[in-house]
Amino acid sequence: MPLNSMTGFARVGGAHGAVRWHWELRSVNGKGLDARLRLPAGLDGIETKLRTELARHLKRGNCQINLVLERTGEAAPLRVNRAALQVVLEAIEDLQKNIEVMPPRPEGILALKGVLENAEDVAADEEAKSALEAALTASFAEGAKALAEARAQEGAKLEAVLTGHVGEIERLTYAAADCPAAAPAALQSRLKEQLQELLGDATAIAEDRVAQEAALLATRADIREEIDRLKAHVEQARELLGSKEAVGRRLDFLTQEFNREANTLCSKAADVSLTRIGLDLKAVIDQFREQIQNVE
């Protein structure tokens with residue numbers, strides 16, 4: 001099972017009686033699962049079911065979900081909601097008692113939400129409404145599944161990129177371990193040369209003193225622990241990339257550990273060649289971090 005990306009798009013349509021619709025579902029990366037639904041008026045009752053269905057397919061991501069409804073055939077007749085109209089007129093009358101305002105135009109009053117309504121919607125019984133809501137919910141389930149499949153396809157591409165980054169991190173880790181500049185003998189030789197340059201050829205340098213100082217330098221510059229931890233992190237990264245679970249958060253935490261070891265390696269580097277390896281390692285880790293921000 002490949003990794004799942006948090007980026008995806010799906011569009012599905014359907015019809016029930018004289019009503020046609022299409023769902024549009026988009027998702028991008030996010031810390032948790034957050035869905036923003038845009039539903040036509042009167043369909044707020046199915047929102048909970050939609051969110052539950054979406055959570056069956058997705059674990060993380062910011063989702064934008066839009067439903068567009070269309071009625072086929074002739075336009076449905078309209079009627080005035082007398083109760084709503086009376087409330088509006090009383091509110092206007094009360095407002096005119098306190099401040100001077102121009103009398104509202106009739107078309108402006110009719111444009112207010114709830115004053116003018118669809119006669120068929122009012123006449124529709126609960127059974128017909130429930131049937132439409134069930135059809136819309138079933139159609140949405142298809143859309144959620146299609147979105148999950150789109151994210152899986154994007155995740156497969158992302159997995160290949162991340163696997164390449166892990167391989168490069170491993171290569172640089174072994175390059176740092178094999179770097180001649182990190183060997184104690186190299187540190188001792190470099191220390192002796194530096195002392196010779198500072199003190200001059202005429203000054204005798206005690207070999208035991210040089211060996212003692214070199215041993216201290218070697219202790220401070222020892223990167224074996226960092227190398228061992230980097231190797232362990234590489235192994236764990238490969239395990240997570242092959243997991244069947246949502247591993248985005250764990251990969252994010254692992255990247256922080258990668259970065260910590262790379263920083264320590266650079267701070268211990270006593271030679272420019274090892275410093276370059278450390279900087280290359282940090283660059284690859286940063287690329288890895290950017291990519292996993294989109295892993296579910």
Do the side chain of [X] and the main chain of [Y] share a donor and acceptor less than 3.5 angstrom apart?
X    : Y    : value
T52  : T48  : yes
S243 : E239 : no
R151 : S5   : yes

Point to revise | Shared-cluster residues of I65, by chain and number - hydrophobic side chains joined below 4.5 Å | key: V12, V19, W21, W23, L25, L33, L37, L39, L43, I46, L50, L54, L58, L67, L69, L132, L136, F140, L147
**Study point:** Members besides F9 in its Ile/Leu/Val/Met/Phe/Trp/Tyr cluster (side-chain heavy atoms under 4.5 Å)
**Key:** none
Which atom names give the shortest non-hydrogen contact between [X] and [Y], and what distance separates them?
X    : Y   : answer
R60  : G30 : NH2-O, 3.1 Å
C63  : S27 : SG-CB, 3.8 Å
G143 : A10 : O-CB, 3.8 Å

Check your understanding: Can you list the residues that meet the salt bridge (charged side-chain N to carboxylate O under 4.0 Å, His left out) rule with R238, with sequence neighbours excluded?
Key -> E170
Practice item. Could I get the full list of salt bridge (charged side-chain N to carboxylate O under 4.0 Å, His left out) partners for E47, not counting sequence neighbours? Key: R51
Revision key, fill the gap. Per side-chain contact (heavy atoms from CB on, under 4.5 Å), L162 is matched among Q287, Q291, K157 by Q291
Exercise for review: Kindly write out the residues that satisfy side chain to side chain donor-acceptor pair (under 3.5 Å) with D34, not counting sequence neighbours, or none if the list is empty.
Suggested key: none
Side-chain donor-acceptor contacts of residues 246-255 below 3.5 Å, not counting sequence neighbours, with atom names and distances?
| from | atom 1 | to | atom 2 | distance (Å) |
| --- | --- | --- | --- | --- |
| R249 | NH2 | K31 | O | 2.2 |
| R250 | NH2 | E245 | OE1 | 3.0 |
| T255 | OG1 | L251 | O | 2.8 |

